[in-house]
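Since the structure comes first, as structure tokens, the remarks are kept for the end.
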Amino acid sequence: MSDAIKAATLEYATRLGDDAVVLGHRISEWVSYGPFLEEDIAYANVSLDYVGRARMFYTYAAELADDGRTEDDFAYMRSDRDYRNLLLLEMPRGDFAYSQVRQLLADVYYSLVLPELAKSKDERLAAVAAKAVKETKYHVRRSRDWVHRLGDGTEESHKRTQKAVDQLWGYTHEMFDMDETEQLLADNGIGVDVSKLRDQWHKEVSAILTEATITVPEDSWAVRGGRTGYHTENLGHMLTQMQIVHRSHPGCQW
Amino acid sequence: MTPEEQNFMRKINAEEKIEPKDWMPDAYRKNVTRQMSQHAHSEVIGMQPEGNWITRAPSLRRKVVLLSKVQDEAGHGLYLYSACETLGISRAEMIEALQKGTAKYASIFNYPTLTWGDVGAIGWLVDGAAIVNQVSLQRTSYGPYARGMIRICKEESFHQRQGYEALLVLAQGSPEQKQMAQDSLNRFYWPALMMFGPHDSESAHSAKSMEWKIKRETNDDLRQKFIDQTVPQIEFLGLEHPDPAIKWNEERGHYDHGDIDWEEFYSVINGNGHCNRQRIEHHVAAHEEGAWVRDAITAYNDKKNANKIKNVA
Amino acid sequence: MTTEKLELFEVFIRSKRGLDHKHVGSLHAEDHAQALEYARDCYTRRSEGVSIWVMKSNDICASQEDDAESFYDPSDDKPYRHATYYVLPDPVNNM
């Protein structure tokens, strides 16, 4: 592996780890707040999948970095300016419709990214992706069914769902942006060219939203910056909470 | 005794299980319903004190462990609500009783979790105490309850170990971490002993529950078992035992221990713990916020079914 | 075929008090009451049970073989749900 490829792969694994831990954390905020017990249990499963995925990507990133850092150093010892997750994933928990709409937008995205990544020439990335693909099928079914129920349920649930879609839509565009790092990896058969997935994503999400009687928004606004560490105000608060114990006891084991 | 009562008592005495469709005395039904729903509520309310630390767990490994443990509590609440429904009460009715305060839950969950150490202490001591009780309940006379307990005990085997392991790391860690472990032990030890309920002589439901084999061992016997098993575990951690009176009694073959502060026990049961109001308010708030979601499901299904009928016709 | 008008029922038997009902097989009957009687005749000829449940096969919604990967595999990489994952020293290993 050349130095340039290695550095890019480290950055890439970190990004994917950041994505997974941030969304996993947001979902975990639902535990004991769900609309009924079954949902507490089901949502916790999705959270476990995402945090588990983060651990696999970070572990690989730590191996590539080879500087003594562990998965926890990646998760707990980097500030929000260092995090490289997609903005969509760091948005607050919101109400149940907001969370499920975000989940749909993300789940469909990963259901397209991961099968591509599973073909990566980098065996480690491919192996993590191959594992994650399986759980993602279940995730998409879950969030799709929820968006159907909420969108086509009562007047109130419809209103909440439409509002969530309208509020989150502008954060989805950056999911398909490529930068130099990702282009280098895509050119070398290691990373996924996400710019090619936009149409398919739009088609699948639109079909689900339409069936749920939800209007697909116009692409009238877009916020970008997650991959460069230019975040919304939400991530700082999230990380403050997530990292407080770890950082209060430097160098300690848990 | 009526023939039904005779048959019922014959099954109890022969260690046969009572099953949902069997005849049973009203008082038995009421007693099992009370105990099982209280147990279910405890699992569900128990999600809160530990859930309080999910977003602050100090490592990713601890985060997934805690998350899956709290998820198990929800699962166990679900098993128990379902088992209880076989007695003719609905989950909605049980939840209403919990929120109105007519049904109780384990008082231990009215204590606050103030540090990460408390997550370890709860797993080790609170789940440890619960397991002592639940192992005994695997032989309870009501079939669905006994089967639920077998499943729960099996799943729960990791709860106590992960808690103890977390405390062990703290006890062997920095001075601040060790202090954290000692503080958690001090705050949760006595409330854990109180989980077994009042002394047998004071327990309102004990005698009948024993006769009907709903309960299989007395509060005091189970408590003693727990006290005995905990002493070497505390020693191994290198922490100070919170009970200065703890002393091996050769003659009894058990540890003697200091008096439990029952005044505190009743005070917390009667609503004066740090978190009594908070726990119920949290449950009510989540339940009420979920109402529009539950309504949406109903409306969606109604539409779907209406469409089906239309298509058939 | 006389069974054409009959419906398919699934049969569950509790072999002993205190145990779960277990699926043992299915049969054809015209309604629940008849299914229960047939279940007795067909599945408990050697006193295999103390209690029988029957339900219409059509009322069962089953998971699909194709879903197996997405349903069950994600649990494989969660070893921390098992007690054996936590290695404790001998003196305290009995919990």
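When reading the values below, keep in mind they use all heavy atoms of this one structure, side chains included, and skip hydrogens, waters and symmetry mates. A quick note: this is a predicted structure, and the numbers were derived from the prediction, not measured. Quick note on labels: first sequence line is chain A, next is B, and so on, each numbered from 1.
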Can you name the residues of [range] that have some heavy atom under 4.5 Å away from a heavy atom in chain C?
{"range": "residues 132-153 of chain A", "value": "A:K134, A:E135, A:K137, A:Y138, A:R141"}
{"range": "residues 96-106 of chain A", "value": "none"}
{"range": "residues 40-64 of chain A", "value": "A:N45, A:L48, A:D49, A:M56"}

Would one find more than 12 heavy atoms of other residues, nucleotides or ligands at under 6.0 Å from atom [atom1] of [X]?
{"X": "C:Y43", "atom1": "OH", "answer": "yes"}
{"X": "A:Y33", "atom1": "OH", "answer": "no"}
{"X": "A:Q241", "atom1": "CD", "answer": "yes"}

Residue C:Y72 versus chain A: region with a heavy atom under 4.5 Å: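 Contact with chain A: none, neither part.
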
Rounded at 0.5 Å granularity, tell me how far CG in C:D73 sits from NZ in A:K131.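 C:D73 CG to A:K131 NZ: 9.5 Å, rounded to 0.5 Å.
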
Can you name the residues of residues 77-95 of chain C that have some heavy atom under 4.5 Å away from a heavy atom in chain A?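 When heavy atoms of chain A are the reference, residues 77-95 of chain C contributes C:D77, C:K78, C:Y80, C:R81 within the under-4.5 Å range.
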
